[in-house]
Amino acid sequence: MQYSEIMVRYGELSTKGKNRRNFIDRLAFNVRKSLHQFPNLVVKAHRDRMHLQLHGEDSTAVMTSLKKVFGIQNFSPSIRIERDIEAVKEAALTMVKEQFFEGMTFKINTRRSDHEFIYDTNEINDLLGGYILKNVPGIKVKMKHPDLCLRVEVRVNGIFLSSQTINGAGGLPVGTAGKGMMMLSGGIDSPVAAYLAMKRGVEIEMVHFFSPPYTSEQALNKAKELTAKIAPYVGHIKFIEVPFTEIQETVKHDVPSGYLMTVQRRFMLRLAVLLAAKRNGLAIFNGESLGQVASQTLESMVAINDVTALPVLRPVVSLDKNEIIKIAQEIGTFDLSIKPFEDCCTIFAPPAPKTKPRLDKAQEYEARLDIDGLIERAMAGIKISEIKSGETFLNQQEDEFAELL
């Protein structure tokens, strides 16, 4: 069936009271960004519903992208009919026949926003229900939990019919909960953490530390492609490359191996905090899961967090690896995350990192370094780009190389 629009229902936004309009406006903005590849699409955001007028765009492709936009409870593809009850009868009959199977039950659910229309909701239910019963042998009416619910919306500009309800991504529109800086590695956990932060309305900017020549261009491209995998949930994401070679070489040379990881991460956090200050970020996010590796103990977190008073949030902190992998598979990042391109978190990894580093020791070893100079030079070399949904950065040759490793 050729649909004319998609009707969107909001979900959590219904609880936002006086702020509701701001949330709806942000959701409409995100929908337009996420569906930028459909130039004829028109988005109309009202207080109770959002209407996506297709104007000939492929409804299946539009709905595939729409499923990933946070802030949407569900949506229904609809067809528009002129305000003629006979035309509505025929369209309703066609819609039911396309989905009919032996023993099917149905009901009509009418909503009338135009109260000047000649028929009220009960009359429309009776007219359409009677016509379908007469023309579809074997179909039965069932008011609770029918196989098919035909929804009818009477508006000033026409009558709209729909029979499907498709679940959306839920959550809150990205950007309604402020901005955060996401410390993105090339692994499984941090893309999942980014996804979960976005689901709660946080606009994220990816901060990726790279250390050439110890990390390759392929590793950098892998991080960019991971960003592109979750960009459809908002439309586009800023990607910030932070050069980290000098810091890693210095730390490896001057800090005892047991504290190498702790001091490195303190530098990473300092840099992320400076970026947040420059770019109006309110918190730092990362993919740490408590106890998963030696550097993700409570003692390590205390020793690392010491460098800032800004909130450091860990969306996957209480999840085990299997739970994180399940989400990664659902959002399409898992297969990419396990490609064996190195990242700066794995190079120079000490054979026995401290699982319970002492804060005073971390501060003592770090005091030997030119902290301000190292930070200043790293900040001077950052690069910022914008990554859109659907972009690719790893070519087939790089993928084949990864498989061979």
Side-chain angles (χ1 to χ4, degrees), residues 3-13 16 20-46 48-78 164-180 182 184 191-206 224-239 285 315 327-328 330-333 336 384-393:
Y3 294 107
S4 55
E5 77 159 48
I6 298 169
M7 182 177 61
V8 175
R9 303 174 187 89
Y10 294 136
E12 273 192 76
L13 305 196
K16 295 306 174 185
R20 182 185 175 103
R21 185 71 251 176
N22 293 334
F23 279 76
I24 292 171
D25 288 346
R26 182 68 195 207
L27 176 59
F29 176 76
N30 292 347
V31 167
R32 292 185 184 100
K33 286 199 302 179
S34 295
L35 304 180
H36 64 87
Q37 68 270 39
F38 304 104
N40 297 320
L41 193 75
V42 175
V43 178
K44 302 280 188 180
H46 303 297
D48 58 342
R49 305 281 174 87
M50 181 184 295
H51 302 282
L52 277 57
Q53 299 170 359
L54 293 169
H55 295 295
E57 297 287 4
D58 182 350
S59 61
T60 301
V62 170
M63 288 189 289
T64 297
S65 296
L66 194 62
K67 286 179 183 178
K68 294 186 175 182
V69 180
F70 290 124
I72 294 175
Q73 179 181 17
N74 57 53
F75 55 88
S76 299
S78 307
Q164 300 179 59
T165 299
I166 300 166
N167 288 332
L172 297 171
V174 173
T176 56
K179 180 191 287 187
M182 180 72 221
L184 178 73
V192 171
Y195 164 83
L196 294 174
M198 292 166 66
K199 189 170 185 177
R200 298 315 304 159
V202 179
E203 176 188 355
I204 59 167
E205 293 190 348
M206 298 300 199
K224 290 181 177 179
E225 193 146 323
L226 282 170
T227 301
K229 288 285 187 182
I230 60 174
Y233 294 98
V234 65
H236 61 77
I237 296 174
K238 295 289 186 186
F239 184 88
F285 289 79
I327 298 173
E330 290 171 354
I331 66 176
T333 59
L336 181 57
I384 301 174
S385 57
E386 183 175 277
I387 295 179
K388 296 180 180 179
S389 60
E391 286 192 270
T392 57
F393 298 90

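Worth knowing before you read on, the calculation uses all heavy atoms, side chains too, and leaves out hydrogens, waters and symmetry mates.
F70 and A169 make their closest contact through CD2-CB, 3.7 Å (heavy atoms, listed as atom of the first residue, atom of the second, distance). Contact record, E386 with E391: O-OE1, 3.7 Å, taken as the closest heavy-atom pair. Minimum heavy-atom separation, K388 to A231: C-CB, 3.9 Å. Closest of all the heavy-atom pairs between R200 and G171 is NH1-CA, 3.9 Å. Closest heavy-atom contact between S34 and G235: OG-N, 3.5 Å. Across all their heavy atoms, S78 and M7 have their closest contact at OG-CB, 4.2 Å.
Under a 3.5 Å cut-off, the side chain of E57 and the backbone N or O of L54 do not form any donor-acceptor pair. Looking at R26, its side chain does come within 3.5 Å of a backbone N or O of V174 through a donor-acceptor pair. A donor-acceptor pair under 3.5 Å links the side-chain atoms of E225 to the main chain of F393, judged by distance alone. For the pair T333 (side chain) and P191 (backbone), a donor-acceptor distance under 3.5 Å is absent. Put simply, the side chain of R32 gets close to the backbone of V43: a donor and an acceptor are under 3.5 Å apart.
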* **Trace of the side-chain contact (heavy atoms from CB on, under 4.5 Å) decision for L52 with E5** => CA-CA 5 Å; L52 277 57; E5 77 159 48; 5.8 Å; no

* To do: Quick one: do L41 and Q53 satisfy side-chain contact (heavy atoms from CB on, under 4.5 Å)? Show the steps, please.
  => CA-CA 6 Å; L41 193 75; Q53 299 170 359; over 6 Å; no

* Apply side-chain contact (heavy atoms from CB on, under 4.5 Å) to the pair V62 and L35, showing each step before the final yes or no. => CA-CA 7 Å; V62 170; L35 304 180; 4.1 Å; yes

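Rounded to the nearest 0.5 angstrom, I331 CD1 and I230 CD1 are separated by 6.5 Å. Separating the OG1 atom in T227 from the CD atom in E205 is a distance of 11.5 Å, to the nearest 0.5 Å. Distance check: D25 CG to F23 CZ gives 11.5 Å after rounding to the nearest 0.5 Å. Remark: S76 OG to R49 CZ distance equals 8.0 Å, nearest 0.5 Å. Note: I204 CD1 to L196 CG = 10.5 Å, rounded to the nearest 0.5 Å. If you take CG on N30 and CE on M198, they are separated by 8.5 Å, rounding to the nearest 0.5 Å.
Counting only heavy atoms from C-beta outward, the side chains of Q37 and S65 approach each other to under 4.5 Å. Between V31 and L27, some side-chain heavy-atom pair lies under the 4.5 Å cut-off. Side-chain contact between K199 and Y233 is absent, with no heavy atoms from C-beta onward closer than 4.5 Å. For the pair V202/F285, a side-chain contact is recorded, criterion being any heavy-atom separation below 4.5 Å from C-beta on. The shortest side-chain heavy-atom distance between V42 and K44 falls under the 4.5 Å cut-off. Contact of the I72 side chain with the Y10 side chain is not registered, since no non-hydrogen atoms from C-beta on lie closer than 4.5 Å. Considering only heavy atoms from C-beta on, I166 stays 4.5 Å or farther from N74 through its side chain. The side-chain heavy atoms of F75 and L66, taken from C-beta on, include a pair separated by under 4.5 Å.
Within a 6.0 Å radius of NZ in K179, more than 12 heavy atoms belonging to other residues, nucleotides or ligands are found. The local environment of NZ in K67 is sparse, with at most 12 non-hydrogen atoms from other residues, nucleotides or ligands closer than 6.0 Å.
Residues E330 and Y195 bring no donor and acceptor atom of their side chains to less than 3.5 Å of each other.
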